[in-house]
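Have a look at the structure below, then the notes.
Positions are given from 1 along the sequence. Counting starts at 1 for both ligands and their atoms, in listed order.
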Amino acid sequence: MSVSLPLAHCEIRSWRAGDADSVARYANNRKIWMNLRDAFPHPYTVQDARDFIRSLRNRTPETTFAIAVNGEAAGSVGFVLRHDVERVSAEIGYWLAEPFWGRGIATEALGAMTSYAIATHNLTRVYALPFAWNGPSCRVLEKNGYVLEARLRRSAIKDGVITDQLQYAFIVPDTAVTADDLPPRETRG
Ligand SMILES: CC(C)(COP(=O)(O)OP(=O)(O)OC[C@H]1O[C@@H](n2cnc3c(N)ncnc32)[C@H](O)[C@@H]1OP(=O)(O)O)[C@@H](O)C(=O)NCCC(=O)NCCS
């Protein structure tokens, strides 16, 4: 079953085989690659895009989606579910094609994907690990209620440079009522 989340400025939807050309065109950008894991290829070819889309086919649950702008796949947003005792957590990631930067599209997509991940997988925590130099990504996270928890010093290497990562998390509050939440019992005099 394909997913579609229509939003004000974009649509989050399942990837389609026909997305390969647009995705390769937009993903082949060093400014994008510089802010993602090395598993994201550079240069990024149409064959890379085809392999990526094919790898998602039949993968259940579906956790990686296209960000479509004006009907065209112009980015990606997805999450990795953690396992075992961390099965209430997921790491979220995203990128958007450069021509569409600065319009609030990633902010909108991240917010919708965070809600979708939490609701679909009963999560209590969604987190992201932008490189410390990635101001725009930190801003997108903060605008969606993610809170800076830690600076993971010298935890990654990108393009030959050791860098810090910033750990941001969106926490689903514990709604269970505890004794401390209850009003004090009335005492009779
Ligand atoms: C990060 C990214 C997804 C942002 O997409 P976007 O659609 O332009 O983001 P938005 O328009 O929703 O918001 C960007 C915010 O960053 C702010 N910003 C821009 N440059 C900035 C900078 N150098 N430092 C801090 N904030 C900055 C913008 O002003 C805006 O905030 P505002 O609404 O308060 O003004 C996009 O730049 C991208 O794909 N980058 C490469 C991949 C990447 O970094 N992915 C995330 C990996 S953790």
A128, A74, A106: member with heavy atom nearest to atom 4 (C) of ligand 1: A106
Side chain, backbone, both or neither: the part of V140 lying under 4.0 Å from ligand 1 by heavy atom: side chain
Greater than 12 external heavy atoms within 6.0 Å of D159's CG: yes
Ligand 1-proximal atoms of Y94, by part, heavy-atom distance under 4.0 Å: both
Geometric cation-pi criterion, K31 with W95: 6.0 Å, 45°: no
Location of contacts on N134 toward ligand 1, heavy atoms closer than 4.0 Å: side chain
N or O contact, K31 vs ligand 1, cut-off under 3.5 Å: no
Distance flag for atom 16 (O) of ligand 1, protein heavy atom under 4.0 Å: yes
N or O pair under 3.5 Å between L96 and ligand 1: yes
Residue selection (non-hydrogen contact nearest atom 40 (N) of ligand 1) among Y26, Y168, W101: W101
Any protein heavy atom nearer than 4.0 Å to atom 36 (C) of ligand 1: yes
Ligand 1 contact by S137, heavy-atom criterion under 4.0 angstrom: yes
Per-atom contacts, ligand 1 versus G104 - under 4.0 Å to a heavy atom: 10 (P), 11 (O), 12 (O)
Subset of ligand 1 atoms that lie under 4.0 Å from at least one heavy atom of R103: 11 (O)
Within-cutoff protein neighbour (heavy atom, under 4.0 Å) for atom 29 (O) of ligand 1: no
Criterion side-chain hydrogen bond (donor to acceptor under 3.5 Å, both in side chains) against W133, the qualifying member of T163, D164, N35: N35
Nitrogen or oxygen of G102 less than 3.5 angstrom from that of ligand 1: yes
